[in-house]
Structure formats: structure tokens, C-alpha cells
Amino acid sequence: MQIVRTIIWVVITAILVGFIAMNWTDAPVRFWPLSNGDFLKFDWPVGVIALVFFLLGLVPMWLLAKAARWRMNRQISALQTTSRTSMTTNSLSAAQAHAPVPIDPEPIDPAN
């Protein structure tokens with residue numbers, strides 16, 4: 001399974017590098033309006049802009065997935081602990097219920 005994941009990541013990386021290499025022309029990016037009516041502007045390669053916005057979309061979703069997995073793992077651990085505790089408690093009470101009860105013999109009266 002690890003090899004398939006590695007192959008997929010290599011293919012995605014190759015596609016991304018090819019896209020960036022083919023789109024290395026500069027494009028104006030306006031960030032913030034200034035007081036004089038102009039914009040704060042940078043000229044960045046199109047591939048870099050695409051990569052930045054791809055990461056801006058990917059990172060929050062990745063963090064959400066990590067948080068959900070962490071929360072589910074905590075719930076699973078809590079349920080497993082509860083299950084182990086209840087199984088131990090039930091097995092102890094079952095063992096005590098099936099254990100022979102010692103009977104005190106009646107004292108023998110030597111006078112009889």
C-alpha cells in the first residue's frame with residue numbers, strides 16, 4: 001500500500017512541477033487597495049500563484065481531517081478502556097458468583 005501512495009505522490013509532484021514550468025510567465029497580483037486609489041501589486045509567476053492558492057485550499061482541509069482523526073482516536077481509546085474495565089468487572093463478579101461458598105460446619109458437641 002505504501003508503494004501505491006508513493007507512486008501517486010510522485011505523479012502529482014511531476015504534474016505540479018510541469019504545470020509550474022510551463023506557466024512561468026509573470027502575472028500581476030493585486031493584494032490591497034492603497035489610499036491613492038492604486039493597489040499593492042506584485043508580479044509573480046502564474047505557477048507560483050497556482051501553488052500558493054492550492055496550498056491555501058489544501059492546508060485547512062488537511063488540518064480538519066487531522067483533527068477529526070485525532071478526535072475519533074480519542075473516542076475509540078475511551079471506548080476501549082471502558083470496555084476493558086467493564087469486562088474485568090463483569091468477569092470478577094461472575095467468578096465470585098460461581099465460586100463455592102464455604103460452609104461453616106456446625107460445631108460438634110462432644111457431650112452427645
Side-chain angles (χ1 to χ4, degrees):
M1 186 64 178
Q2 184 69 25
I3 190 73
V4 173
R5 187 181 303 163
T6 303
I7 290 171
I8 289 172
W9 278 112
V10 166
V11 168
I12 289 172
T13 304
I15 290 170
L16 188 62
V17 167
F19 176 78
I20 290 173
M22 288 186 288
N23 293 300
W24 199 252
T25 58
D26 287 344
V29 178
R30 293 185 272 175
F31 279 107
W32 195 261
L34 299 175
S35 60
N36 63 1
D38 202 9
F39 289 94
L40 182 62
K41 185 172 88 168
F42 295 103
D43 289 329
W44 285 354
V46 174
V48 173
I49 295 169
L51 180 63
V52 167
F53 283 102
F54 172 76
L55 291 176
L56 282 175
L58 177 75
V59 169
M61 293 297 109
W62 179 74
L63 289 174
L64 263 165
K66 281 292 205 185
R69 180 178 289 182
W70 176 74
R71 187 174 54 247
M72 290 297 159
N73 284 338
R74 284 192 52 189
Q75 287 178 351
I76 289 170
S77 295
L79 289 171
Q80 286 175 342
T81 303
T82 304
S83 173
R84 279 191 213 112
T85 305
S86 68
M87 282 180 16
T88 304
T89 305
N90 289 342
S91 65
L92 286 177
S93 10
Q96 291 171 353
H98 295 298
V101 177
I103 300 174
D104 289 336
E106 292 183 25
I108 301 175
D109 189 18
N112 285 342

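For reference, positions follow the sequence shown, starting with 1.
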Phe53 atom CZ: more than 12 heavy-atom contacts under 6.0 Å =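 Atom CZ in Phe53 is not packed in, count stays at 12 or less.
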Tell me the closest heavy-atom pair linking [X] and [Y], and the distance in Å.
X: Ser83; Y: Ser86; value: O-OG, 3.0 Å
X: Phe19; Y: Ala50; value: CE2-CB, 3.4 Å
X: Leu40; Y: Leu34; value: N-CG, 3.9 Å
X: Ala27; Y: Val46; value: CB-CG2, 3.8 Å

Could you tell me the separation between the [atom1] atom of [X] and the [atom2] atom of [Y], rounded to the nearest 0.5 Å?
X: Ile7; Y: Ile12; atom1: CD1; atom2: CD1; result: 12.5 Å
X: Arg71; Y: Ile76; atom1: CZ; atom2: CD1; result: 12.0 Å
X: Ile20; Y: Ile15; atom1: CD1; atom2: CD1; result: 12.5 Å
X: Leu51; Y: Trp44; atom1: CG; atom2: CH2; result: 11.0 Å
X: Ser77; Y: Arg74; atom1: OG; atom2: CZ; result: 9.0 Å
X: Leu79; Y: Met72; atom1: CG; atom2: CE; result: 10.5 Å

Answer yes or no: is there a side-chain heavy-atom contact under 4.5 Å between Trp32 and Phe39?
->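 Side chain of Trp32 against side chain of Phe39, heavy atoms only: no contact under 4.5 Å found.
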Shared ILVMFWY cluster between [X] and [Y], side chains joined below 4.5 angstrom?
X: Val48; Y: Val17; answer: no
X: Ile8; Y: Leu58; answer: no
X: Trp9; Y: Trp62; answer: no
X: Leu56; Y: Leu64; answer: no
X: Val29; Y: Trp24; answer: yes

